[in-house]
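Residue numbers start at 1 and run along the sequence shown.
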Amino acid sequence: MACDENLIKLTACAAVDLLRRGEVTPLDCLDTLETRVAAVDSAVNALPILCFDRAREQARRLMQRPPNERGLLAGLPVPIKDLTDVAGVRTTYGSPIFADFVPEASDILVNTIEAEGGLIYAKSNTPEFGAGGNTFNEVFGATLNPWNTALSAAGSSGGAAVALATGTAWVAQGSDLGGSLRNPASFCGVVGLRPSPGRVASNPGAKIDRLLSVKGPMGRTVEDTALLLDAMTGESPGDPLSLPRTESFLAAARSGWRPARIAFSPDLGITPVDPEVAAICRAAAERFTELGTIVEEAHPDLSEAHDAFQVLRGMTFAVSYAGLLQNHRDKMKPEVIWNIEQGLNYTMADVVRAENQRAALFRRMNAFFDTYDLLLCPATIVAAYPAEERYVSQCAGHTFSNYVEWLAIAYAITLTASPALSLPCGFTRDGRPVGLQTVGRVRAEGRVLAGARALEDILGLHGLTPIEPRVPRTTGHS
């Protein structure tokens, strides 16, 4: 097969099949990507750090082995979010404090991907320390939504989602604390999966027993996302929470499993939702009836989610970044400072309350899945908003009290430890993508993927990307 722009239009699974048959080489894939990045990335700023020379060195080493012995990815290139260390590659965490930092060692996750034949060729843009649902920082600027570059790509895995949507990646790695894999997937019309804690091994960082923040895969289709999840999983002695690899999630996605009964909730009982977004998601969820699935409106009691998340998120930021705040306050964005100081001001009584609330949320969600196979709801409460707005301040007549409250429909699920996937499910009247959140019982990623795969077929919305960035005639962005 000739190496041209048509290659990037293939699914990741199809590209890997060609790599395994030797019809395309890893170097062909890198050449295609480099050409594509040069053509479109300046309009969206998804991949501000490139390392094609390093990737080609990896490719040449990989190509010394037979094509069918090159791992699950077989030489497929993968961009890494700029919160995750890649040895010898500039890694900024979106912060001026680390603008010129080059780590000597890679994160466990990077080593896992490379061991499965993934080629790291770029770092994707992220907000500072991954804080906030809009991808901008003082090091590289803003990442823009390719469906309309006047709009936000969401965050914090905004660069990863935009790379997928513009054809500068087949799959992409991201991370998720309050929706950072799901929110940009929803805004950009791609798939993002937040796995269960421990499913993907990575460096623990300052908070070794973290359960809120996980790393996970993104793709243009459910199967592509499952393929990357397979290449990311596996137990590691460097991560005490990591789980062994026990199944193929790609095989699970392709298994043909169908849910017998699902629940849909427009708001999880805890947040306002834009009426048009809620209607699009409801219509998509009801399509499950075409498979004989019973669809009912229901959700577990998640009423403590706001309080628990604010406390536990604040504690995470305090543990991770309080030391930096002492010496680099002038280089931190105000939202990060607020999160750190909020965490430092909580008392042990606050932490005890939040941990008890999280345990109650988990128990209720776990019991909920005794009745329902899946829970569906919007992945985000709005479609993409103007890029210059730092966050969503209002929705459906409600004014939010802080910059993360608009993400409650995602962070409530985070607290339950459930795997959750954002699936493209429709467009607003003015052409903005909307994502449907598909939630399953803890460690049931296989069912989440299979259910999403079934609905993806019914909706027929996959294959709409890659697209050319759509730059409005009147926009303040270059």
Side-chain angles (χ1 to χ4, degrees), residues 133 145 147-148 150-154 161 165 179 182-192 222 259 261-300 302 305 368 372-386 389 391-400 405-413 420-440 448 451-462 464-465 470:
N145 193 309
W147 295 91
N148 180 339
L151 303 179
S152 167
R182 295 162 283 166
N183 303 327
S186 177
F187 275 26
C188 296
V190 298
V191 179
V222 172
R261 183 186 301 267
I262 65 171
F264 172 77
S265 174
D267 56 13
L268 298 182
I270 59 169
T271 181
V273 178
D274 177 83
E276 186 179 15
V277 168
I280 291 168
C281 290
R282 181 186 296 276
E286 289 176 348
R287 297 289 300 274
F288 262 114
T289 60
E290 297 173 26
L291 299 176
T293 300
I294 298 169
V295 180
E296 299 176 345
E297 185 160 332
H299 59 76
L302 301 172
F368 187 79
Y372 297 100
D373 293 317
L374 299 171
L375 169 62
L376 306 184
C377 66
T380 53
I381 64 170
V382 296
Y385 58 91
E389 296 179 11
Y391 57 93
V392 175
S393 60
Q394 294 181 323
C395 178
H398 175 81
T399 299
F400 297 114
E405 188 184 344
W406 76 276
L407 303 171
I409 207 160
Y411 67 59
I413 303 303
L421 179 148
S422 179
L423 178 74
C425 71
F427 294 85
T428 61
R429 287 183 295 273
D430 58 3
R432 293 172 293 159
V434 173
L436 180 69
Q437 187 169 203
T438 304
V439 185
V448 169
R453 173 72 177 78
L455 186 57
E456 182 182 52
D457 269 353
I458 295 173
L459 296 174
L461 294 178
H462 53 295
L464 298 180
T465 54
R470 299 177 184 176

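- At most 12 non-hydrogen atoms from other residues, nucleotides or ligands lie less than 6.0 angstrom from OH of Y391.
- The side-chain contact (heavy atoms from CB on, under 4.5 Å) test applied to A284 returns C425, L436, L459, not counting sequence neighbours.
- Using a distance-only test at 3.5 Å, with no hydrogens or angles considered, no donor-acceptor pair links the side chain of E456 to the main chain of L423.
- At a threshold of 4.5 Å between non-hydrogen side-chain atoms, the residues P424 and P433 do not count as touching.
- With sequence neighbours excluded, the residues that form a side-chain hydrogen bond (donor to acceptor under 3.5 Å, both in side chains) with T380 are S186.
- The closest side-chain heavy-atom distance from D430 to W147 is not below 4.5 Å.
- For the pair L302 and F368, the minimum side-chain heavy-atom distance is 4.5 Å or more.
- By the side-chain hydrogen bond (donor to acceptor under 3.5 Å, both in side chains) test, Q394 pairs with T399, sequence neighbours left out.
- What you find for I409 and A379 is that their closest heavy atoms are CG2-O, 3.5 Å.
- Not counting sequence neighbours, E389 has no partner by the salt bridge (Lys or Arg N to Asp or Glu O under 4.0 Å) test.
- When side chains are defined from C-beta on, P300 counts as touching L375, because their heavy atoms get closer than 4.5 Å.
- L407 CG to N183 CG: the interatomic distance, rounded to the nearest 0.5 Å, is 5.0 Å.
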CA sep, side-chain torsions, deciding dist, call: R432, N148, side chain to side chain contact (heavy atoms under 4.5 Å, CB included): CA-CA 8 Å; R432 293 172 293 159; N148 180 339; 6.0 Å; no
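- Qualifying side-chain hydrogen bond (donor to acceptor under 3.5 Å, both in side chains) partners for R470, counting only residues two or more places apart in sequence or in other chains: none.
- By the salt bridge (Lys or Arg N to Asp or Glu O under 4.0 Å) test, D274 is found to be paired with no residue, residues two or more places apart in sequence or in another chain being considered.
- Among all heavy-atom pairs drawn from F264 and A278, the shortest one is CZ-O, 4.1 Å.
- Of all heavy-atom pairs spanning P184 and G179, the tightest one is CD-O, 3.8 Å.
- In terms of heavy atoms, V434 sits closest to T428 at CG2-CG2, 3.9 Å.
- A distance of 13.0 Å separates CD of E296 from OG of S265, quoted to the nearest 0.5 Å.
- Applying the side chain to side chain donor-acceptor pair (under 3.5 Å) test to every pair with at least one member in residues 283-293, sequence neighbours left out, gives these pairs: R287-E290.
- In this view, A408 and I270, T271, H306, Y411 satisfy the side-chain contact (heavy atoms from CB on, under 4.5 Å) rule, not counting sequence neighbours.
- For the atom pair Y385 OH and S393 OG, the distance stands at 10.0 Å (nearest 0.5 Å).
- Partners of F400 by ring-ring contact (aromatic ring centres under 6.0 Å, His included), not counting sequence neighbours, listed by chain and number: H398.
- Between F187 and S152 the shortest side-chain heavy-atom distance falls below 4.5 Å.
- Under the side-chain hydrogen bond (donor to acceptor under 3.5 Å, both in side chains) criterion, D267 pairs with no residue, sequence neighbours left out.
- Here F288 pairs with nothing under the ring-ring contact (aromatic ring centres under 6.0 Å, His included) rule; sequence neighbours left out.
- Here the side chain of D373 pairs no donor or acceptor atom with the backbone of I262 at under 3.5 angstrom.
- Shortest non-hydrogen contact noted between C188 and N145 is SG-ND2, 4.2 Å.
- For the side-chain contact (heavy atoms from CB on, under 4.5 Å) test, residues two or more places apart in sequence or in another chain that qualify with A420 are R182, I413, Q437, V439.
- You'll find the side chain of I381 stays beyond 4.5 Å of the side chain of V277, heavy atoms only.
- To the nearest 0.5 angstrom, R453 atom CZ is 12.5 Å from L421 atom CG.
- Within the model, atoms SG of C281 and CD of E276 stand 10.5 Å from one another, a figure rounded to the nearest 0.5 Å.
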